[in-house]
Every structure is written in C-alpha cells, then in structure tokens.
Amino acid sequence: MKIAVYPGSFDPITLGHLDIIKRASAMFDRMVVLVSVNTAKSPLFSADERVKMIKEATSDLNNVEVKSYEGLLIDYCRENNIRIIIRGLRAITDFEYELQIAQTNKTFSNGEVDTVFLTTSLEYAYLSSSTVREFASFHGDISHCVTPHVAEMVYRKYGYEAKNNNGGNQNEQQN
Ligand code: ADP
C-alpha cells in the first residue's frame with residue numbers, strides 16, 4: 001500500500017492546495033493531508049478549524065484523510081509508516097526552500113523518507129494562503145482562490161458576511 005503525506009499550514013486551504021491533493025490522491029493508495037501545528041506562528045485558523053475546512057473540501061476523495069500534528073514531520077512519518085512526502089512547487093523561489101527541507105528530511109530520517117514534488121497547475125501558480133488572507137482582510141473577492149465554504153469561513157474571521165459573487169460590483173477589488 002502506497003501512502004503519502006501532504007503537510008502544510010493550509011491557513012486557509014486554497015484551490016492550489018486542492019489541485020495538488022486531487023492529483024496526488026490519484027497516484028497513491030492513501031493520502032494524509034497533515035495540518036502542521038507550529039506554535040511559533042500565530043495562524044488565522046486553529047488547527048481544528050483548518051482540519052474541518054480541509055475535510056469539507058476533500059469529502060469527495062475517498063482515499064484522503066485529514067489530520068493535524070505538532071512535532072517533526074519525519075517523526076509523524078515514522079510513527080505512521082509513511083515514506084513519501086508530497087510538496088507543491090509554484091516558482092523557483094519555492095524550490096530553494098523546498099529542496100533544503102526535502103534534503104533535511106531525507107537525511108534526518110536515515111534515507112527512509114523521500115519528497116515528491118508536484119508542480120502547480122498554471123491557473124493556481126500565483127495563489128498563496130497569505131494572499132487570500134490579505135485580500136479577504138479588505139473584503140476583496142477570493143472566490144477564485146478558495147471553495148465557497150472556505151471563503152465564508154475566512155470572511156467570517158475578518159468580521160464580514162460572505163461576498164455575493166453574482167451580485168455586487170464586479171470591478172471592486174480586482175487585481
Ligand atoms: P507551508 O507553510 O508548510 O509552506 P502551505 O500551506 O503554505 O504550507 O503550503 C503547503 C504546500 O503546498 C507547499 O509545498 C507549497 O509550496 C504548496 N502550495 C501552496 N500553494 C500552492 C499552489 N497555489 N499551487 C501548488 N502548490 C502550492
């Protein structure tokens with residue numbers, strides 16, 4: 001049985017993340033989307049909230065599970081007998097950072113854990129959770145970045161009602 005883990009902050013999950021999850025889930029028997037609990041960062045959403053949002057967004061994918069974990073990723077892999085980490089690459093700027101982390105995980109796991117990279121689909125190459133947060137904080141339209149349920153949760157965090165994507169002024173807050 002081939003199992004892979006896709007770790008990340010997912011604060012919040014975007015359509016770019018979902019695209020990676022869908023493509024990777026077709027390559028493996030089982031896949032765990034792992035919300036990293038990083039006590040040094042102060043996220044917009046709690047780990048539980050992020051897990052719930054990802055579960056909702058991936059409910060149609062039978063072989064995908066969603067968990068959260070506080071600690072070293074390679075320890076999670078060892079405890080759960082996982083040898084493959086999935087990461088997404090958007091641009092060369094991601095590559096340098098990702099390469100270093102992948103090599104660290106490979107070395108510190110005594111060569112047991114490999115990282116598989118999937119390149120972003122072009123339509124999501126610009127997308128990041130931080131952009132979504134920034135846009136939403138000014139009530140910008142994030143409907144092309146996240147699922148409707150996630151958009152509602154994000155707007156609610158910033159004290160807005162979800163934006164009506166069909167009504168409203170279409171010229172408002174565009175890139
Ligand atoms: P982290 O804080 O661990 O980088 P993120 O939630 O930002 O977590 O991202 C998790 C993974 O998803 C990373 O490998 C990142 O490069 C990838 N990723 C993020 N956004 C996209 C996107 N739009 N397309 C493809 N991969 C993405």
Side-chain angles (χ1 to χ4, degrees), residues 3-28 30-58 61 64-77 80 82-109 113-137 140-151 153-154 157 175:
I3 313 174
V5 62
Y6 178 36
S9 308
F10 307 111
D11 189 34
I13 184 159
T14 68
L15 296 183
H17 294 132
L18 268 179
D19 175 65
I20 297 285
I21 293 170
K22 281 183 189 148
R23 287 159 57 203
S25 71
M27 297 173 188
F28 297 93
R30 233 185 87 212
M31 191 177 157
V32 181
V33 181
L34 192 67
V35 172
S36 351
V37 182
N38 183 345
T39 41
K41 282 189 187 172
S42 43
L44 181 63
F45 291 99
S46 71
D48 280 353
E49 287 173 321
R50 284 178 275 160
V51 167
K52 275 192 195 131
M53 281 191 285
I54 302 170
K55 277 189 176 163
E56 205 274 341
T58 58
L61 300 170
V64 172
E65 282 171 58
V66 189
K67 307 261 184 224
S68 65
Y69 188 71
E70 188 172 353
L72 283 180
L73 180 58
I74 51 166
D75 288 338
Y76 181 88
C77 290
N80 293 277
I82 296 175
R83 301 172 79 108
I84 298 165
I85 297 169
I86 305 285
R87 295 288 285 179
L89 289 176
R90 281 162 296 189
I92 198 80
T93 40
D94 279 343
F95 180 76
E96 224 172 284
Y97 169 77
E98 294 290 346
L99 181 69
Q100 191 194 7
I101 302 280
Q103 288 172 339
T104 306
N105 286 332
K106 178 86 174 165
T107 308
F108 282 37
S109 67
V113 178
D114 262 310
T115 303
V116 171
F117 294 105
L118 292 185
T119 53
T120 180
S121 295
L122 280 180
E123 67 260 47
Y124 304 125
Y126 68 96
L127 246 186
S128 71
S129 299
S130 57
T131 310
V132 169
R133 292 196 301 270
E134 195 174 337
F135 253 65
S137 71
D141 187 359
I142 56 169
S143 60
H144 50 290
C145 306
V146 296
T147 65
H149 175 250
V150 172
M153 301 294 289
V154 176
K157 271 280 171 197
N175 265 332

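All ligand and atom numbering here is 1-based and tracks the order in the structure. Positions are given from 1 along the sequence.
- Dense packing is recorded around CD of E56, with more than 12 heavy atoms of other residues, nucleotides or ligands lying under 6.0 Å away.
- Residues passing the side chain to side chain contact (heavy atoms under 4.5 Å, CB included) test with K106, sequence neighbours excluded: D114.
- S121 contributes no side-chain N or O that, together with a main-chain N or O of E123, makes up a donor-acceptor pair within less than 3.5 Å.
- Around ligand 1 you find Y6, P7, G8, S9, F10, G16, H17, I20, K41, R87, G88, R90, D94, E98, T120, Y124, L127, each with a heavy-atom distance below 4.0 Å.
- For S36, the side chain to side chain contact (heavy atoms under 4.5 Å, CB included) criterion is met by no residue, not counting sequence neighbours.
- Judged by distance alone, the side chains of D141 and S143 do bring a donor and an acceptor atom under 3.5 Å apart.
- By the side chain to side chain contact (heavy atoms under 4.5 Å, CB included) test, R83 is found to be paired with E112, residues two or more places apart in sequence or in another chain being considered.
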